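Just so it is clear, the structure is predicted and the values come from calculations on it, not from any experiment. All ligand and atom numbering here is 1-based and tracks the order in the structure.
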Amino acid sequence: MNEIYLDHAATTNMSKEALQAMLPYLFEEFGNPSGKYSLGRRAQKGLEQARVQIADTLNCQPENIIFTSGGTESDNMAVNTAVHKKKSGHLLCSAIEHPAMKNMLRFLKEKGFDVEFIPCDENGIVTPEEVKKMLKPDTIFVSVMAANNEIGTIQPIREIAMICRERNIYFHTDAVQAYGHIKLDASEIPIDMLSASAHKFGGPKGIGFLYVSNHIECVPMLFGGGQEGGMRSGTENVASIVGMGKAAEVSCKSMEKNSIYEQSLRDYMIERIENEIPYARLNGSKTRRLSNNINMSFSYVEGKSLVSMLDMVGICCSGGSACSTHKKAPSEVLTAIGLSEQLANSAIRMTLSAHNTMDEMNYTLYHLKNSIKILRERNPAYQRFIYYNRRR
Ligand code: PLP
């Protein structure tokens with residue numbers, strides 16, 4: 001049985017182009033970029049080419065890009081840059097940020113910083129008005145993600161960035177889910193720092209970058225041999241960086257075409273689910289949404305059980321986000337948009353790519369309907385609900 005992969009927000013398969021670009025650097029071009037001989041210089045050239053490839057996609061200079069180990073490190077580094085030299089102050093991020101941001105801020109709260117989470121509306125949007133309302137005279141840092149990892153909602157980061165720039169507040173955006181899906185132009189949006197992670201856009205795992213604008217003095221978290229201009233010490237992961245550069249180029253070039261295709265699959269799925277499965281609900285805005293994201297709650301169904309049943313027929317999707325699968329508590333994102341614990345726990349997320357086909361959608365719909373029917377039949381609360389509804 002071929003597996004149907006519908007969990008591209010958790011990770012993507014590597015693009016062939018990225019793999020091809022990496023291979024030489026894993027074998028014959030194995031030099032340390034710090035080496036003062038041709039082999040080292042060639043590795044260094046590979047790094048710099050990747051930096052240019054990424055900078056081109058964001059319309060910034062290569063010097064604005066610092067290579068990191070991924071989204072988590074980039075998010076942590078952005079916060080660290082903002083709070084460096086401070087012992088207190090007000091830090092804000094949205095209530096629907098990834099744990100890489102929220103948990104870093106919770107850590108700083110224990111150290112004495114004033115930390116608050118900006119609520120979103122019922123559509124999963126963080127409005128500029130809400131951000132403005134929450135600012136204090138001592139606000140140092142604001143982080144609002146470009147697109148959410150669970151419900152795919154696209155945030156008005158340009159307006160929020162402008163509010164922060166006017167007040168000289170650091171503005172960071174976590175673009176881990178948005179990069180390669182929506183256009184991000186650092187020359188048009190006054191972003192101070194932006195995080196991305198290669199494995200979300202067809203690159204290898206364990207590598208990412210932080211964009212840092214010219215007027216920001218980035219602060220390192222790792223100290224050592226002074227690589228990345230002293231901002232991120234440690235011998236560079238050359239092959240992965242080269243793979244990330246190629247994946248960035250490929251994914252941004254095909255972004256528009258892929259988005260149109262993914263959106264057609266997404267909308268087909270949502271429409272059929274809404275028409276054919278009773279008591280289903282789309283979580284998050286229908287319009288301000290990543291082209292590949294479907295997140296729906298099915299009343300009287302446990303999301304976890306549904307994911308397991310779909311797995312048995314070869315469909316890979318997730319309940320909430322991959323990062324929250326170790327937690328028992330309901331998704332913080334779904335409760336932030338106002339879902340009850342029950343509805344939040346009945347959600348599943350399917351995230352598509354241009355590799356998915358209409359046949360896969362139809363196969364998934366068939367098994368989704370079947371599995372939901374079986375799970376509801378086994379649920380006494382659903383049986384009671386149907387019984388009383390019939391009598392009324
Ligand atoms: N931020 C967001 C929005 C994410 O979705 C993820 C991963 O799922 C991360 C950060 C963490 O990225 P990484 O796994 O590369 O550390």
Side-chain angles (χ1 to χ4, degrees), residues 5-14 18 54 65-80 93-107 117-118 120 124-126 142-155 157 160 172-182 184 191 193-211 221-222 232 234 237 240-241 243-244 247-248 251 283-284 288-290 292-295 316-327 331-334 336 349-353:
Y5 187 71
L6 305 180
D7 205 15
H8 292 89
T11 197
T12 60
N13 51 328
M14 274 207 12
I54 293 169
I65 305 299
I66 298 168
F67 298 130
T68 67
S69 65
T72 304
E73 186 185 331
S74 298
D75 283 0
N76 281 219
M77 197 166 167
V79 181
N80 191 49
C93 78
S94 85
I96 56 171
E97 292 303 305
H98 189 272
M101 177 54 64
K102 279 181 107 175
N103 287 344
M104 177 70 176
L105 293 197
R106 284 179 177 125
F107 171 74
F117 297 140
I118 312 158
C120 61
I125 306 294
V126 181
V142 173
S143 183
V144 176
M145 66 206 326
N148 182 261
N149 47 305
E150 293 189 40
I151 53 177
T153 45
I154 298 170
Q155 305 302 331
I157 57 164
I160 297 171
H172 165 260
T173 191
D174 177 335
V176 168
Q177 294 291 336
Y179 184 84
H181 287 272
I182 57 174
L184 295 161
I191 301 168
M193 291 172 280
L194 174 151
S195 306
S197 180
H199 73 107
K200 309 289 187 177
F201 56 87
K205 293 171 183 57
I207 196 78
F209 67 85
L210 181 69
Y211 157 85
M221 290 204 302
L222 296 182
R232 211 282 186 172
N237 183 349
S240 292
I241 291 170
M244 171 166 68
S251 64
N283 296 318
R288 287 190 67 103
R289 184 179 200 96
L290 288 177
N292 72 336
N293 178 290
I294 302 165
N295 185 314
C316 312
C317 64
S318 78
S321 74
C323 307
S324 64
T325 49
H326 303 296
K327 291 197 291 181
S331 145
E332 287 183 19
V333 173
L334 297 180
R349 178 188 74 179
M350 293 177 277
T351 42
L352 320 174
S353 84

Colleague: Is the backbone of His199 close enough, under 3.5 Å, to the side chain of Thr12 for a donor and an acceptor to pair up by distance?
Modeller: yes
Colleague: Which bit of Met145 is near ligand 1, meaning a heavy atom under 4.0 Å away: side chain, backbone, both or neither?
Modeller: side chain
Colleague: Can a donor-acceptor pair be found between the side chains of Ser331 and Glu150 at a distance below 3.5 Å?
Modeller: yes
Colleague: Using a 4.0 Å cut-off to any heavy atom of Gly70, which atoms of ligand 1 qualify?
Modeller: 15 (O)
Colleague: Could you check which of His199, Glu73, Lys205, Lys200 puts a non-hydrogen atom nearest to atom 14 (O) of ligand 1?
Modeller: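 Considering heavy atoms of His199, Glu73, Lys205, Lys200, the nearest to atom 14 (O) of ligand 1 sits in His199.
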Colleague: Where's the contact between Thr72 and ligand 1, heavy-atom distance under 4.0 Å: side chain, backbone, both or neither?
Modeller: both
Colleague: Answer yes or no: does an N/O atom from Asp174 fall short of 3.5 Å to an N/O atom of ligand 1?
Modeller: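 Yes - when backbone and side-chain N and O of Asp174 are compared with those of ligand 1, one distance drops under 3.5 Å.
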Colleague: Between atom CG of Asn149 and atom NZ of Lys200, what is the distance when rounded to the nearest 0.5 Å?
Modeller: 7.5 Å
Colleague: Does one side chain, of Thr351 or His8, offer a donor that lies under 3.5 Å from an acceptor on the other?
Modeller: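 No, no side-chain donor-acceptor contact under 3.5 Å.
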Colleague: Under 6.0 Å between ring centres: does that hold for Tyr179 and Phe209?
Modeller: yes
Colleague: Which of the atoms in ligand 1, numbered in the order shown and given with their element, are less than 4.0 Å from a heavy-atom of Ser197?
Modeller: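 Every atom of ligand 1 under 4.0 Å from some heavy atom of Ser197: 13 (P), 15 (O).
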